[in-house]
2 protein chains.
Amino acid sequence: MTTLKELSVVLGLSVSTISKALNDSTEISVSTKMKVQRFAFSYGYRPNPTAQNLKLGRTRVIGVIIPNVIDEFFAMVLHGIEEEASNLQYKVLISISNDDQKKEESALISMVNGSVDGVLLSLAKETQGLENIAHVNNFTTGRIPMVLFDRVHQQLRNDTITVDDFDGAYKATKYLMDTGCTNIAFLSTITKTSVSEMRKEGYVQAMHLEAACRCDPTIIEINHYDLFEDILITAMQSQRIDAILAADELSAVRTINLLQSNGFKIPDDIAVIGFTNGQMAQYSNPPLTTVSQHAEKIGEEAVKVLVKRILNPNYKKPIHRVIKTEMLVRRSTKGEKTLT
Amino acid sequence: MTTLKELSVVLGLSVSTISKALNDSTEISVSTKMKVQRFAFSYGYRPNPTAQNLKLGRTRVIGVIIPNVIDEFFAMVLHGIEEEASNLQYKVLISISNDDQKKEESALISMVNGSVDGVLLSLAKETQGLENIAHVNNFTTGRIPMVLFDRVHQQLRNDTITVDDFDGAYKATKYLMDTGCTNIAFLSTITKTSVSEMRKEGYVQAMHLEAACRCDPTIIEINHYDLFEDILITAMQSQRIDAILAADELSAVRTINLLQSNGFKIPDDIAVIGFTNGQMAQYSNPPLTTVSQHAEKIGEEAVKVLVKRILNPNYKKPIHRVIKTEMLVRRSTKGEKTLT
DNA sequence: TTGTAGGCGTTATCAG
DNA sequence: CTGATAACGCCTACAA
């Protein structure tokens, strides 16, 4: 690694002159600027970012803490984050909480001491269930900017990027009704997350306000993946159900596959709608009607807001952006078939 | 952010004493160590990592450059990387190349100047096709340790973590034969990657050496996702095929779904085997028989090797680890059904 | 237009 | 056992 000092020796100029020349300062004559820049380039000189960071008090790094990276939703958000950060010349430091609060906390601690200029956080399942979110507040408040996305918490007064989950679920439920379904169930494997709750509420509201019939809401909650088939099939047998709104992509696809294995026809016997528009949704059989949250856009917006906050630390008022959902109709539901 | 200097003022001790006390140096008396440590803790003091990095010439950050994070394989590798890095007290800086060489290069450049202590790289599709891998060599050789994983390149003399793709494909092909398939095709959408080539070779070899019949290898290559259905169905119609070995998870699942939509029965008409054991494979209908590469383990090993290299920069000989594949038999193939 | 000096927060060497 | 001093590599008043 060549340093300014080395260049200065070779070029017979002072370190500060070199530094200014490389930073295109007006103090330096054009001719020496040219000379220095050429030379530095040919030498493959690159400023040591650590030294710059120390001097300038910033890192140009954004810290990201997400529950996991396997779910396509989070993978897509991460993709959006990386892309926008890259555009804005920021690097991305990632930590995966595994939905574990301890890990989330330690990630936060390690980030919030000058490792990063700001944090993007989507809360662990464990954290969302709790009333106590001290571990988030403690290490954050008044230190560095933090933007929460998707999995947020009422008590946290940070900027947020969320999805209109209520609305998305409401419309999806209504769509099922409009296409002739009368006994619609809501299924969630991500219970206790803010997003699941919002979706449930949207569903429940729609059932109350829109249902021409008298059908009560049916909530199927599955807290362990191994129980998925048992619980689902039991529910199907004990109740009359002709449509399922699943709170996430994987559940929706599993629902389709399990029901088909058990002799149900999709969408004729049961219509299915999920959340998240990933590969699973697109390439399932039949392709899944889904509520897209525009995951990449969420990531993109989160970065934009965070960077704005980084550049403008005085602005106090929390920013709340809500990304509109969009229902993509495919063949897991009856009615018009606009997409394939 | 409190600093050593601030502590020194409050405690009436010199900066260096504080520093030593916090680092538990034997030079300092137990009593003052206690005093200083307690105090620093209550003050919420945390050393500024940037300053430490500058002083100590390391970052405790590992840079990761991957083609994408949407494919479950890479998502799982990333998960493994994050976990192991976290265990070893390293942070993870991530860059997504999008299979684009330019992006890969700029990520490499930005990392290889002291932003990270070492790099984990899986080559972009674009890069693998080329003979010219100068952009990788240039910014890397002799600078910081780099470990390639999965998508590697012959001409790069780095450490590598790879999968025994040849063997995995060979065995999968043989398994298809053993369960009564005679016209086995190989399908790839990731042509020109090293992994796809190895898998193809494993398949071809098995066809030559193991086939009781005279069946020639059939290679179906799909370079654009939109053409998937066309090419697949055309191939099915023009040739007699009773089994497909797909080079990745998504292709395998799409194959199953498309074939079923076109009236084929899986596995009775066509057996299908894929690569990667992710959610898609587990929850497809029927569940996919697949060659697991132990993606998390790849990530884990990559970190281990890299850290070893970081801690031991003198050791010159390249390390090459090969992770064994494992075939998980599910219901997309005939024969024994060991898993569900 | 160029150079000098100081400092960002730490750690390490060497005196005291 | 404690403290002054220098140094990591860079930037930036201020001086020349």
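We name chains A, B, ... by the order of the sequence lines, and we start the count at 1 in each one. Just so you know, these numbers use all the heavy atoms, side chains as well, and skip hydrogens, waters and symmetry mates.
Expressed to the nearest 0.5 Å, how far CD1 of A:Ile28 lies from OG of A:Ser16 amounts to 7.0 Å. Atom CG of A:Asn53 is separated from atom CG of B:Asn53 by 9.0 Å, given to the nearest 0.5 angstrom. To the nearest 0.5 Å, the span separating CD on A:Glu104 from CG on A:Leu123 amounts to 5.5 Å. Rounding to the nearest 0.5 Å gives a distance of 5.0 Å between CG of B:Leu11 and CZ of B:Phe39. To the nearest 0.5 Å, atom CD of residue A:Gln101 and atom CD1 of residue A:Ile133 are 10.0 Å apart. Here the straight-line distance linking atom CG of B:Asn312 with atom CG of B:Asn314 works out to 5.5 Å at 0.5 Å rounding.
Running 5' to 3' along DNA chain C, contacts with non-hydrogen atoms of chain B at under 4.0 Å begin and end at C:dC8 to C:dC14. Protein chain B contacts DNA chain D over a range whose 5' and 3' limits, counting nucleotides with an atom under 4.0 angstrom from a non-hydrogen atom, are D:dC1 to D:dG9.
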task: Show your working on salt bridge (charged side-chain N to carboxylate O under 4.0 Å, His left out) between B:Arg151 and B:Asp99 and close with a plain yes or no.
output: CA-CA 11 Å; B:Arg151 303 239 204 115; B:Asp99 273 317; 3.1 Å; yes
- request: Test side-chain contact (heavy atoms from CB on, under 4.5 Å) on A:Ile65 and A:Leu108 and set out the steps.
  value: CA-CA 8 Å; A:Ile65 304 173; A:Leu108 222 35; 3.5 Å; yes
message: Quick one, B:Lys91 with A:Ser115, criterion side-chain hydrogen bond (donor to acceptor under 3.5 Å, both in side chains). Give me CA distance, side-chain angles, the key distance, then yes/no.
response: CA-CA 10 Å; B:Lys91 281 164 280 174; A:Ser115 296; 3.3 Å; yes
query: Under the side-chain hydrogen bond (donor to acceptor under 3.5 Å, both in side chains) criterion, do A:Asn98 and B:His79 qualify, and how do the steps go?
result: CA-CA 9 Å; A:Asn98 275 320; B:His79 187 215; 3.1 Å; yes
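Within residues 29-49 of chain B, the residues approached by DNA chain D to less than 4.0 Å at the level of any non-hydrogen atom are B:Ser29, B:Thr32, in residue-number order. Taking a 4.0 Å limit (strictly below) on heavy-atom distances, residues 2-15 of chain A reaches DNA chain D at A:Thr3, A:Leu4, A:Lys5. The stretch residues 17-24 of chain A touches DNA chain D through A:Ser19, A:Lys20, A:Asn23, each having a heavy atom under 4.0 angstrom from the strand.
Formation of a donor-acceptor pair under 3.5 Å by the A:Ser122 side chain with backbone atoms of A:Phe149 is found in this model. The backbone N or O of B:Val152 sits less than 3.5 Å from a side-chain atom of B:Gln128, completing a donor-acceptor pair. B:Asp71 places no side-chain N or O within 3.5 Å of a backbone atom of B:Phe73 that could act as its donor or acceptor partner. A:Arg58 places no side-chain N or O within 3.5 Å of a backbone atom of A:Gln52 that could act as its donor or acceptor partner.
Ranked by how close their nearest DNA chain C nucleotide is to the 5' end, B:Lys55 and A:Leu54 are led by A:Leu54. Between B:Ala51 and A:Ser16, the one whose closest nucleotide on DNA chain C sits nearer the 5' end is A:Ser16.
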Anything under 3.5 Å between a donor and an acceptor, one on a side chain of residues 298-307 of chain B, the other on a protein residue two or more places apart or in another chain? List them.
residue: B:Glu300; atom: OE2; partner: B:Lys304; partner atom: NZ; Å: 3.4
residue: B:Glu301; atom: OE1; partner: B:Arg321; partner atom: NE; Å: 2.8

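At the heavy-atom level, B:Glu27 lies under 4.0 Å from base atoms of the strands shown.
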